[in-house]
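Working notes for the structure below.
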Amino acid sequence: MEFRAEMRYLRVSPQKARLVLELIKGRRVEEARNTLAFTKKRVAAHVGKLLQSALDNANFLATEKGIDVEIDNLYVKSAIANEGPRMKRIRPAPQGRAYRYQRRIAHIVLVLAERGKNGEGVANVVGGEAAAVPARVKRRTPAAKVGSKKVSSKKVKVAAK
């Protein structure tokens with residue numbers, strides 16, 4: 001089961017938010033909390049609140065729907081910082097000119113999931129049957145470009161005079 005929390009219109013650039021989100025991706029919730037507590041970025045406090053919100057969502061859904069969720073087995077499945085609308089601003093410049101700049105805004109999405117006993121992610125079971133997992137596809141070598149000359153492997157006999 002996945003539990004999700006969103007924070008929208010956060011006044012920080014998505015690039016700066018991604019620096020912090022990369023630190024907690026794939027970690028257990030307790031590890032992620034400790035990492036965020038000791039990170040010296042301003043956005044880390046906001047991401048910590050978002051992580052707590054996702055954890056509260058997990059607790060709420062566990063009690064509301066009667067789902068058995070082990071809080072200790074939750075981990076950060078994905079953490080994404082998307083770009084929101086930009087605010088266009090003007091800074092005064094010499095000789096009556098104006099320089100334009102943009103203040104960036106981020107939308108952050110955090111998804112928690114539960115790990116199984118052996119450390120793998122738990123898949124949702126729908127209708128009593130496990131979802132089919134696609135097999136890995138073998139990579140093929142790239143095809144020859146159209147229009148390029150192919151050299152034939154056939155030997156050509158040259159008539160001697």
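All of these numbers come straight from a predicted model, not from anything done at the bench. In what follows, every heavy atom counts, from backbone to side chain, and hydrogens, waters and symmetry copies are set aside.
- Although no hydrogens or angles enter the test, the distance criterion places a donor-acceptor pair under 3.5 Å between the side chain of Thr35 and the main chain of Glu31.
- Side chain of Arg18 to backbone of Ala81: a donor-acceptor contact under 3.5 angstrom is found.
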Salt bridge (Lys or Arg N to Asp or Glu O under 4.0 Å) evaluation trace for Glu30 with Arg27: CA-CA 8 Å; Glu30 198 57 40; Arg27 292 182 182 246; over 6 Å; no
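- Nearest heavy-atom pair, Ala54 versus Phe3, reported as atom, atom and distance to 0.1 Å: O-CB, 4.1 Å.
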Where do Leu74 and Asp72 land on the side-chain contact (heavy atoms from CB on, under 4.5 Å) test, with the steps shown first? CA-CA 6 Å; Leu74 288 178; Asp72 296 333; over 6 Å; no
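- Atom-to-atom distance recorded for Leu61:CG and Glu2:CD is 12.5 Å, nearest 0.5 angstrom.
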Between Leu19 and Gln15, does a side-chain contact (heavy atoms from CB on, under 4.5 Å) hold up when you go through it step by step? CA-CA 7 Å; Leu19 291 174; Gln15 184 177 5; 5.6 Å; no
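- Of the inter-residue distances, the one linking Asn57 atom CG with Glu6 atom CD reads 10.5 Å to the nearest 0.5 angstrom.
- In plain terms, the two heavy atoms of Ala98 and Ile90 that are nearest each other are CB-CG2, 3.3 Å.
- Transitive grouping of hydrophobic side chains (ILVMFWY, heavy atoms separated by less than 4.5 Å) keeps Met87 and Met7 in distinct clusters.
- Counting only residues at least two apart or in different chains, ring pair (Phe, Tyr, Trp, His ring centres under 6.0 Å) contacts with residues 8-41 comprise Tyr9-His107.
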Yes or no on side-chain contact (heavy atoms from CB on, under 4.5 Å) for Arg103 and Arg86, after CA distance, side-chain angles and deciding distance? CA-CA 6 Å; Arg103 294 211 178 248; Arg86 295 178 179 185; over 6 Å; no
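- Contact of the Ile80 side chain with the Leu21 side chain is not registered, since no non-hydrogen atoms from C-beta on lie closer than 4.5 Å.
- Taking CD1 of Ile108 as the reference point, atom CG of Leu50 lies at 6.5 Å (rounded to 0.5 Å).
- Distance CD1/Ile105 to CZ/Arg8: 11.0 Å, rounded to 0.5 Å.
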Are Leu23 and Leu36 close enough, and set up right, to give a side-chain contact (heavy atoms from CB on, under 4.5 Å), and what steps lead you there? CA-CA 8 Å; Leu23 295 174; Leu36 291 172; over 6 Å; no
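- Two residues are said to be in side-chain contact when any heavy atoms from C-beta on lie closer than 4.5 Å; Val29 and Leu112 meet this criterion.
- Expressed to the nearest 0.5 Å, how far CZ of Arg104 lies from NZ of Lys16 amounts to 10.0 Å.
- Geometrically, Arg89 does not engage Tyr101 in a cation-pi contact defined by less than 6.0 Å to the ring centre and at most 45° from the axis.
- Under the 4.5 Å side-chain heavy-atom criterion for grouping Ile, Leu, Val, Met, Phe, Trp and Tyr, Ile24 is connected to Ile71 within one hydrophobic cluster.
- Rounding to the nearest 0.5 Å places CZ of Arg4 at 8.0 Å from OG of Ser78.
- The neighbour count for Lys41 NZ, taken as heavy atoms of other residues, nucleotides or ligands under 6.0 Å away, does not exceed 12.
- With sequence neighbours left out, His46 forms a ring-ring contact (aromatic ring centres under 6.0 Å, His included) with no residue at all.
- The cluster map of Ile, Leu, Val, Met, Phe, Trp and Tyr, joined by side-chain heavy atoms under 4.5 Å apart, puts Met1 and Leu55 in the same cluster.
- Dense packing is recorded around CZ of Arg97, with more than 12 heavy atoms of other residues, nucleotides or ligands lying under 6.0 Å away.
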